[in-house]
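Sequential numbering from 1 along the given sequence is applied to the chain's residues.
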Amino acid sequence: MMTISRGKRLSLGLPAALMGLWLGCGTPVVPTKSEPVPAPTTPEPDQGPTPSVPGAEAPPASCAHGLEARASVDVARGASAFFYEDRPSLGRLDAGAGYVYLDHDSQKAFVARLEASGAAKSVREIVFPDKHERSHVVGAFRGSDVVVASVVYHAQQEADIELVRLDAQDRPLWSARVDPSPRLDGTPAIAWGKDEIAVAWTRGPYPMHESVRVALVDAKTGKVKRTFELSTGENPGVPSIVWDGEAYWVGWHSRETRGTIEIRRLTENGLSGVGATLQGGVNPFLLPTPAGLAVAWDQDHKIWLAVLDAAGHPKLAPRVVATHPDPIASPRKPVLAWDGVRFAVAYEAHFHASVIVARDPEALITIVDPNGGAAPPLTLHDKDSSGEMPAVLWIGKEWLVVYNRDRLQKGKTPEVVAARLACREAPAPSETTPAGPCDARTRPAPEALRLQPNTGAASVLSLDDGGWAALRLEKEEMIFVRVDREGKTTTRAVLPAAAGRREPTLARVPGGFAAAWIDEQGGVEVGRIDEAGAMRKTTRLPGDPMTSRPGLAWTSKGLVVAYARGGAVVTALLDGAARIVSQPAPAARFPFQPGDCALGHGPKGLLVACVTGTERTETSVIRVARLDDTGKAIGAPSLASGPYALLRNPSVIGTADGFLIAATGPFAREVVTIELGPNGEVRRPERKLLSSYGYGAFGAAVTGKDIVVFGIDGQTLAERTVCPE
């Protein structure tokens, strides 16, 4: 048996690993009415993005096993890109690549010229004629030249877009301020067209933006040839702009109403009427290829991809191509590259459930085949590092990825890292699925176990027949649910009003179930639920304001209830009809005030496990005591775990030769397990499972040698089977 409680700060989404990778149509694409337009053509070698490289080796036939790193090198000499950089700029330059970034510490902009290996041939500061403060530096590349756009501030709430073109030695050829305005211009995007450079940006009064604008600038002189206003009043997000060989495509997130991604085709004469609208999503990134216009974006903690034809119709319908097993993870800001067959999708994942619960960001990449199938993602940085702002480019034989590692991590040296990646020939050792009963490592819990957002707490019980039972609190109701092993609901009953109740607990007893919870006064109420889900009898046991979650266990003598009261663990014995056989009496006194408790029945009686404090106020441990079948103590209590922060929700399961304890680890982001012998002796030091499972409250049950872990996110219960080490 285990209980899951929503902590005071819990708020998260469905664990992505339990949802699987959905590749169907889910986000509608609404084409914009248009005249016929020729299909995108492959640009000439010196005209915009190069989707394939003449003379390059053909890409491998399959990348189904994901990617592996071939090399990694710091390209920025210990620098890190500025946080407000929207997306990094990586593109092809003659025999290598170029990378433009704004340094976090110095606030200076730099251009790094990279060899195909990723090593930096040169890293030079970009000298802007205008010395005002600037941010959001992005670049575009053509031949040996680089053009850079940035936001330059010349008043508190006034900023313009400025361009500068650099030659092969990174010396400025010209600079230009684009379409000056007394308003605030936002993060630009830039594309190199046939005879001009296009820059797209947002504009509006601080702090809101109202419109998306595009300027076409003469590539030789920097003179603005024409400007366009593409939208008004939409509160748009940062745009993306690309050149497909004949015209520009512009995409942006409109925050108007519920929000959409708007994509429009722009010629030198203005909007062509071609485009599409994607429902929902933010941070669109566009990439033109001969296969169509690829669009990647983030939505609902997932990365999505679609491919549009020349008229804006979907050639590859919107689909999820990347999720994350941690439900507090937010995969975001995807970038795209193409090897002539497949797409590379690089993105970052941030982890914030609350101010105090977060972890270092990650930089990841996956490969998507022409049919939309995504390979396993590769985390670009080491396990003990962090990653942000990845960019990716196909360099003829391999993928070149540049990202920030340990950008602001205390005690670590920040780096802008270039890595060469190749398709993995076979599954990595860690990807090999173990044989035996642990083959199916995850599965979602049945629909009947899904909780409403206002659910206060829940207890889930794994049954011997492979099904589940659950007791949950929602507003003023307490609901009992039972489902079979196929996920079909067999019982759903709304029990009497539950106002003020908390910490429900559920246990199996002959002929039904026993339930316990804490009432408004701190007393423990115990009820008997029959097989049909009807509450037959309730009994109240005295408690106090410090009473925490009780434990229940059925023995040969009856139903034993254990909970904290008066600084000790007290136990009471009830019969199968929830009538008191023996009143609560102290059974174990721990050195510190006990909190949540749990009971398990093993080969030599009961074991009670409770979370208690330690000498250090910010840590907690699990202490245990042996009990006989009536709930009386056998021997002295003992320590079962090392200190952790915020341990909660212990559960105890009897095994063939002892006990297994499972509890939520630090910040409820891990499941800590301890194996005990039949007399409660620790046989194996505690171990942490599912460290990336996510922020939430967990509990565990055991069937055979498998640990079945349930997680709650306020909306959904889910099960994950973990093979013991």
Side-chain angles (χ1 to χ4, degrees), residues 42-56 73-77 79 81 85 87-103 108-129 137-150 162-176 178 188-199 216-223 225 241-245 248 287-288 335 337-339 391-402 416 418 420:
T42 304
E44 295 298 326
D46 63 343
Q47 294 179 358
T50 307
S52 59
V53 182
V73 61
D74 180 11
V75 302
R77 300 172 183 172
E85 192 82 29
R87 282 193 178 99
S89 299
L90 176 67
R92 182 167 298 282
L93 279 174
D94 285 343
Y99 182 79
V100 169
Y101 65 96
L102 184 69
D103 180 60
K108 295 179 180 179
F110 293 86
V111 56
R113 293 177 182 262
L114 311 179
E115 298 174 351
S117 65
K121 292 186 290 186
S122 65
V123 180
R124 298 189 182 97
E125 181 183 353
I126 301 172
V127 180
F128 293 96
V137 175
V138 296
F141 311 89
R142 171 69 57 79
S144 61
D145 284 11
V146 180
V147 63
V148 178
S150 67
E162 188 173 54
L163 295 182
V164 59
R165 181 172 176 175
L166 309 174
D167 64 12
Q169 286 72 45
D170 299 319
R171 296 171 300 198
L173 297 176
W174 51 256
S175 65
V178 178
I190 191 170
W192 208 309
K194 185 177 181 180
D195 298 317
E196 72 280 315
I197 296 158
V199 56
L216 301 183
V217 178
D218 189 293
K220 295 180 180 179
T221 65
K223 182 179 179 181
K225 299 163 62 175
I241 187 168
V242 293
W243 168 255
D244 71 1
Y248 298 97
L287 177 70
V335 297
W338 194 59
D339 66 1
V392 59
L393 181 70
W394 176 252
I395 55 173
K397 296 181 180 180
E398 298 169 313
W399 300 99
L400 177 65
V401 181
V402 182
V416 177
R420 291 185 293 116

- Query: How long is the gap from CG on D103 to NZ on K108, to the nearest 0.5 Å?
  - Reply: 9.0 Å

- Message: What's the separation between atom NZ in K225 and atom CD1 in I197, rounded to the nearest 0.5 Å?
- Response: 10.0 Å

- Closest approach of A391 to V335 (non-hydrogen atoms, all atoms of both residues): CA-CG2, 3.9 Å

- Between the CZ atom in F141 and the CH2 atom in W192, the distance rounded to the nearest 0.5 Å is 10.0 Å

- S175 side chain near F128 side chain, heavy-atom distance below 4.5 Å: no

- Item | Heavy-atom closest contact (Y248 atom, A198 atom, distance) | CE2-CB, 3.4 Å

- Is the side chain of R420 donor-acceptor paired with the backbone N or O of E398 at a distance under 3.5 Å, no angle test? no

- Task: Inspect the surroundings of NZ in K223 and state if more than 12 heavy atoms from other residues, nucleotides or ligands are less than 6.0 Å away.
- Result: no

- Taking all heavy atoms of V199 and all of P188, pick out the closest pair and write down the distance. CG2-CB, 3.9 Å

- Any idea which heavy atoms bring L102 and A109 closest together, and the distance? CD1-N, 3.7 Å

- Kindly indicate whether the side chain of L173, heavy atoms from C-beta on, has any atom under 4.5 Å from the side chain of D145. yes

- Query: Who are the ring pair (Phe, Tyr, Trp, His ring centres under 6.0 Å) partners of F110, not counting sequence neighbours?
  - Reply: Y101

- Query: Considering only heavy atoms from C-beta outward, does the side chain of V111 approach that of V148 to under 4.5 Å?
  - Reply: no

- Item | Exam field: side chain R165 to backbone T221, donor-acceptor pair closer than 3.5 Å | no

- Which atom of A97 lies closest to which atom of L393, heavy atoms considered: CB-CD2, 3.9 Å

- Item | Chi angles and distances behind the side-chain contact (heavy atoms from CB on, under 4.5 Å) call for V416, V402 | CA-CA 7 Å; V416 177; V402 182; 3.5 Å; yes

- Note on the structure: Taking every heavy atom of E196 against every heavy atom of V217, the minimum-distance pair comes out as CB-O, 3.0 Å

- Item | W174 side chain vs A219 backbone, donor-acceptor pair below 3.5 Å | yes

- Item | With K220 via side-chain hydrogen bond (donor to acceptor under 3.5 Å, both in side chains) - residues at least two apart | none

- Item | Residue pair I126 / V100, side-chain heavy-atom distance below 4.5 Å | yes

Taking distance alone, no hydrogens or angles, what donor-acceptor pairs closer than 3.5 Å link side-chain atoms of residues 113-120 to residues at least two apart or in another chain?
from, atom 1, to, atom 2, distance (Å)
R113, NE, D170, OD1, 3.0
R113, NE, D170, OD2, 3.4
R113, NH1, S144, O, 2.9
R113, NH2, S144, O, 3.0
R113, NH2, D167, O, 2.9
R113, NH2, D170, OD1, 2.8
S117, OG, A119, N, 3.3

